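Only a predicted model underlies this, so the values are computations on that prediction, with no experimental measurement involved. In what follows, chains carry the letters A, B, and so on, assigned in the order in which the sequence lines appear, proteins first and then strands, with residues in each chain numbered from 1.
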Amino acid sequence: MRVRFAPSPTGHLHVGNARTALFNWLLARGSGGTFILRIEDTDRERSTSASEQAILEDLEWLGLGWDEGPFRQSERLDIYRAQADRLLAEGRAYYCFCTEAQLKAEREAALAAGEAPKYSGRCRDLSRSEVAARRSRGEPAVVRFRVPEGGDVAFLDKVRGEVSFPRAAIGDFVLLRPDGNPAYNFAVVVDDALMRVTQVVRGEDHISNTPRQVLLYEALGFRPPEFAHVALVLGPDHTPLSKRHGATSVAEFRARGYLPEALVNYLALIGWSPGGDQEVLPIEELARRFRLEDVGRSAGVFDEEKLAWVNRHYMRLAGAPRLAKLAAPFLRAEGMVVREPDASGWAYLEKVVGMASDSVDRLADIPRRLRFLFSYDAARALSDPEVQAVLNEDGAREVVAGLARELAASERLTSREAFRAAADRVKRETGRKAKALFHPIRVALTGEAGGPELDHAVPAIDLGAQLPAGSGLSPVVGCRERVQLFLEALDRA
RNA sequence: GCCGGUAUCGUCUAGGGGUCAGGACACGUGGUUCUCAGCCACGGGACCGGGGUUCGAAUCCCCGUACCGGUACCA
């Protein structure tokens with residue numbers, strides 16, 4: 001089996017296209033086949049090498065490596081020319097000198113008359129000598145395919161079944177533009193045939209091109225591949241997913257802190273089901289189970305909530321070192337990491353990122369969850385209504401005062417046990433327990449009413465306070481200092 | 001307009017001539033934990049509409065409706 005993904009480099013990799021790439025990849029991987037990457041850059045106006053580069057990076061980030069390519073259509077111009085010459089020589093194609101203005105007027109007239117706008121065929125039967133004369137005069141000409149008349153063009157689609165189009169609806173279409181660049185339908189067929197692609201899996205938006213392509217396969221004497229057209233991905237309002245809906249490109253989801261394996265897993269779930277009751281599955285398992293005939297025919301709505309849920313799974317599955325590495329750029333953007341951390345910095349990050357990650361959806365949420373470590377501000381804490389509510393509870397201030405006395409006398413709370421022991425002593429001294437004990441401790445030490453478990457958060461604070469100056473992280477104020485600052489702020493208030 | 005396509009909970013789906021129409025996300029309630037997340041239990045929620053075929057239709061057929069794609073010298 002030989003499959004391909006053939007994006008045009010006109011922007012970022014859209015998640016809909018990423019899903020198409022994934023389906024192809026799964027097919028190849030699941031069958032021991034070959035996954036070919038081809039860049040369809042025949043539209044010289046819109047194609048950019050920056051886009052191409054971005055698409056390659058996105059595919060690599062997703063883990064969708066290719067076996068052959070990337071091939072660029074812009075580098076295969078003579079191949080298309082040669083194939084077009086064959087069709088020209090056989091009379092299956094012809095030169096057309098119609099101007100764009102002419103064609104546009106005809107199209108509009110047809111539309112107004114309620115007819116299908118298709119090429120009129122004006123240049124279809126120009127005499128040999130006229131063609132030669134006009135060409136030698138340098139008159140711009142395209143090469144058009146002479147669509148055989150009559151009947152239907154049918155093909156078997158692996159996801160849609162039998163599909164057929166009346167041939168009469170297909171006008172003679174352009175193969176080669178005046179500048180020698182091939183048009184889409186022509187380049188695709190030539191490439192897919194020459195690259196010996198066996199299954200063409202692509203978006204549904206290409207389905208009505210398929211009859212044209214089938215005709216071309218016939219005319220060129222190539223055997224058509226199997227086709228499969230997968231439905232598009234929509235936004236929550238059932239319109240095609242666009243910028244309006246927020247993130248649409250792989251790069252944007254990466255920037256929001258989704259893990260590649262989560263995006264891949266989620267994308268596979270739109271329009272396909274792995275069967276069984278398990279849907280969070282590694283890509284290799286998806287490849288084992290994936291079958292084109294199980295792909296649904298209807299369009300699917302992209303649901304970021306579910307993506308987030310899948311992402312949580314994969315964040316839990318990721319080991320601490322990897323998670324720390326992944327989260328570091330996000331922490332750096334918030335000033336929590338100030339330069340490349342040293343070994344102590346990384347060790348610390350592994351600890352705290354692990355603590356933060358089991359209650360957030362995405363990497364981008366981690367800094368907020370760790371803010372209490374790097375920017376303790378007692379005054380800000382007191383202005384928080386939730387913190388106020390905690391302090392207004394019976395005995396809350398006594399707990400804070402007791403905690404301050406306890407910490408003044410004890411070592412740093414660098415372990416869960418040390419923290420528990422300290423909390424126990426405050427408990428005995430104040431007679432407060434559970435919520436009445438831990439809530440005031442939390443607000444005093446973290447400055448926030450919520451956050452990671454105190455068993456983890458408190459040692460993280462004091463461990464952070466011991467970090468050497470060269471760790472690469474923003475400084476962390478220790479517990480003892482915090483509770484003093486908190487008390488002072490309380491006095492002032 | 002014309003040509004194609006699609007239709008099961010809000011969303012992704014399983015199933016498919018006789019089922020209590022199953023699961024997941026989301027949502028609601030209760031429990032658990034210092035908070036959030038999580039976890040546990042419980043709960044609400046769907047076969048687009050109308051005809052036909054049939055003993056029986058959500059499932060097959062037709063019509064309609066809605067939505068999507070195409071209708072290029074864009075892919």
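Ring geometry for Y217(A) against F227(A) counts as perpendicular: the plane angle is over 60°, on a 0 to 90° scale with 30° as the lower cut. In this pair, F290(A) and W272(A) present their aromatic rings tilted. The plane angle is within the 30 to 60° band.
Nucleic acid contact for V174(A): sugar-phosphate only, since backbone atoms but no base atoms lie under 4.0 Å from a heavy atom of the residue. Here H229(A) lies out of heavy-atom contact (under 4.0 Å) with every strand. No engagement by D237(A) is indicated, since no non-hydrogen atom pair under 4.0 Å with the nucleic acid exists. Residue contacts for T10(A): at a heavy-atom cut-off of 4.0 Å it reaches no nucleic acid atom on any strand shown. In this structure, L103(A) reaches the bases: a heavy-atom distance under 4.0 Å links it to at least one base atom across the strands shown. Nucleic acid contact class of P7(A) (heavy atoms, under 4.0 Å, all strands): none. Contacts of F165(A) with the nucleic acid, taken as non-hydrogen atoms under 4.0 Å apart, involve only primed sugar atoms and P, OP1 or OP2.
We find that K435(A) and E393(A) are not joined by a salt bridge, their nearest charged nitrogen and carboxylate oxygen being 4.0 Å or further apart. Using a 4.0 Å cut-off between charged side-chain N and carboxylate O, R289(A) and D294(A) make no salt bridge. For the pair D455(A) and R420(A), the salt-bridge criterion is met [side-chain N within less than 4.0 Å of a carboxylate O]. Using a cutoff of 4.0 Å between basic side-chain nitrogens and carboxylate oxygens, E293(A) and K158(A) are scored as salt-bridged. The pair E40(A)-R4(A) fails the salt-bridge criterion, with no side-chain N (NZ, NE, NH1 or NH2) lying under 4.0 Å from an Asp/Glu carboxylate O. For R160(A) and E204(A), the salt-bridge test passes: some basic side-chain N is under 4.0 Å from an acidic carboxylate O.
A gap of 24 Å separates the C1' atoms of rU8(B) and rG4(B), to the nearest Å. Between rC9(B) and rA14(B), the distance separating the two C1' atoms is 13 Å to the nearest Å. The gap from the P atom of rC40(B) to that of rA24(B) amounts to 11 Å, rounded to the nearest Å.
For D43(A) and rA75(B), the CG to P distance is 5 Å, given to the nearest whole Å. The CG atom of L307(A) sits 14 Å away from the P atom of rC25(B) (whole-angstrom rounding). N209(A) places its CG atom 14 Å from the P atom of rG69(B), with the value rounded to the nearest Å. Put simply, NE2 on H206(A) is 15 Å from P on rA72(B), counting in whole angstrom units. When rounded to the nearest whole Å, the span between CG of D205(A) and C1' of rA72(B) equals 15 Å. In this entry the distance linking CG of L232(A) with P of rG70(B) reads 8 Å, nearest Å. Between the P atom of rU71(B) and the CG atom of D172(A) lies a distance of 16 Å, rounded to the nearest Å. In this structure, OH of Y119(A) is placed 21 Å from C1' of rG70(B), rounded to the nearest angstrom.
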Per-nucleotide protein contact along nucleotides 7-13 of chain B, 5' to 3', at a 4.0 Å heavy-atom cut-off (B base, S sugar-phosphate only, - neither), is S---SSS
Could you run down nucleotides 35-49 of chain B 5' to 3' and tag each one B, S or - for protein heavy-atom contact under 4.0 Å?
-> BBSS-----------
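Residues D277(A) and E40(A) each lie close to RNA chain B; by heavy-atom proximity, the contact nearer the 5' end of the strand is made by D277(A). Mapping D41(A) and V159(A) onto RNA chain B by nearest heavy atom places V159(A) at the nucleotide closer to the 5' end.
R244(A) places a side-chain heavy atom less than 4.5 Å from the side chain of T239(A).
Y266(A) has its ring centre no less than 6.0 Å from the ring centre of H313(A).
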